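Inspection log for the structure reproduced underneath, given as structure tokens.
In this chain, numbering begins with 1 at the start of the sequence shown. Computed from a prediction, not measured in an experiment: that's the story for all the values here. Just the heavy atoms: all of them, side chains too, but no hydrogens, waters or symmetry mates, feed the values below. Remember, it's 1-based here, ligands and their atoms both numbered in the order they're listed.
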Amino acid sequence: MKISKRAQDVPPSATLAVTALAQQLKAKGMDVIGFGAGEPDFDTPDYIKEAAIKALKAGKTKYTAESGITELKVAIANKLEKENGLKYTPEQVIVNIGGKHSVYEAMQAVLDPGDEVILPAPYWVTYPETIKLAGATARVIQTDKSNNYKITPSLLKKAITKKTAMLVLNSPNNPGGFTYTPQELKDIAKALEGTKVIVLSDEIYEKLIYGDTRFVSFASLSEDAYNRTLTLNGLSKTFSMTGWRLGYTAGPLDVIKAMGRLQSHMTSNPITFGQYAAIAALTNPVADETIEKMRAEFERRGKYMSERLNSIEGVECPEPTGAFYCFPDVSSHYGRSIKGTKINGSMDFAKVLLEQANVALVPGLPFGCDYNVRLSFACSLENITKGLDRLEKWLGQ
Ligand code: PMP
């Protein structure tokens, strides 16, 4: 059957592909250590599961308003006010089918063919595709270790053209594991003043921050920032709820309404009993304690992983300040041959490492940074130790 040009132009997700390949090899009996995971390795907390069961038993099994039930939108608006200093009415909030859907739908709601979207690299693999699907063009700002993988106001100003419609900001960052400081974000907000650029602020990793890192929501920085920002978040990472598919977007009423119109034809409401579980997730008094346990464990692993990576010759890895990824620069090994196979870039690095040492990580190229590779520390410390021992031995040959 004919495949549309739109669908032909979209490659499969590189991160999901690595996980699938590692699983295939495992199924064949190979002892593979996987660093591909983009999801917490903890189970969803019981109090959230129980809320879903209770909702199911109470018959919460029918359609709801397409943008989500009012009680959940109220809970999200309260969370955004209390934790992020953001005043949104419940009507300015839409619940989406996962954060990925929030990104897609937000772009569909505000972008037109011919628009440019500024995309700092490293970027999450989904952004370039959702930009393309909205008919817009990504204008990538390349960063690297010399600027800590972050854009600066001057890099940003240089990238703005008459066609610029949006800037995608993702802090804490996937795949970079870095977090913009409040001052860096303020400087970016200032640089945007006087422009029409919409900011898509993807804050899905907000709770996973380490050391003395502080998180601020971009929209909270000034009235100007508030008015130009779509704040995007979700329950996947914070509450270990990746399979529940619950994300949300808050922003100017007209945009949220436009997203609602699109959603009413694309998917209708997010799963009904899941919405009740989301209310529990956000409002139960045990939430903070539950999140803290997971956060602290990620912090321990991230510290260990980055220290070990840095101790390997030719590997440079900043200590992660957020999310659950290390994103080392391994480019000093490019051009070498390991056991007779030449490593020419991150794709070779990942492939040959998997074949020769049974360690699965994600190449940096699909994230826009071929010098790097991504290792997730959403796996046990035991696996991290074993996998890094193998990586060290492999590179030491
Ligand atoms: N934004 C970023 C930066 C992510 O890494 C992810 C998950 N990989 C998402 C959004 C979407 O998460 P979900 O669709 O599971 O809510």
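- Of the residues listed (Y210, Y304, F42), the one engaging F298 in a ring-ring contact (aromatic ring centres under 6.0 Å, His included) is F42, and it is the only one.
- E355 and K351 are joined by a salt bridge, as a carboxylate oxygen and a charged side-chain nitrogen come within less than 4.0 angstrom of each other.
- Comment: R295 does not engage D288 in a salt bridge, judged by the lack of any side-chain N to carboxylate O separation of less than 4.0 angstrom.
- Sorted by chain and number, the residues within 4.0 Å of ligand 1 by heavy atom are G98, G99, K100, W124, Y127, N170, N174, D202, I204, Y205, S236, K237, R245.
- Residues I188 and I151 form a side-chain contact, since some pair of their non-hydrogen atoms from C-beta on lies under 4.5 Å apart.
- Side-chain rings of F377 and F35 stay apart, their centers remaining 6.0 Å or farther from each other.
- Taking 4.5 Å as the limit, every side-chain heavy atom of V95 sits out of range of all side-chain heavy atoms of I69.
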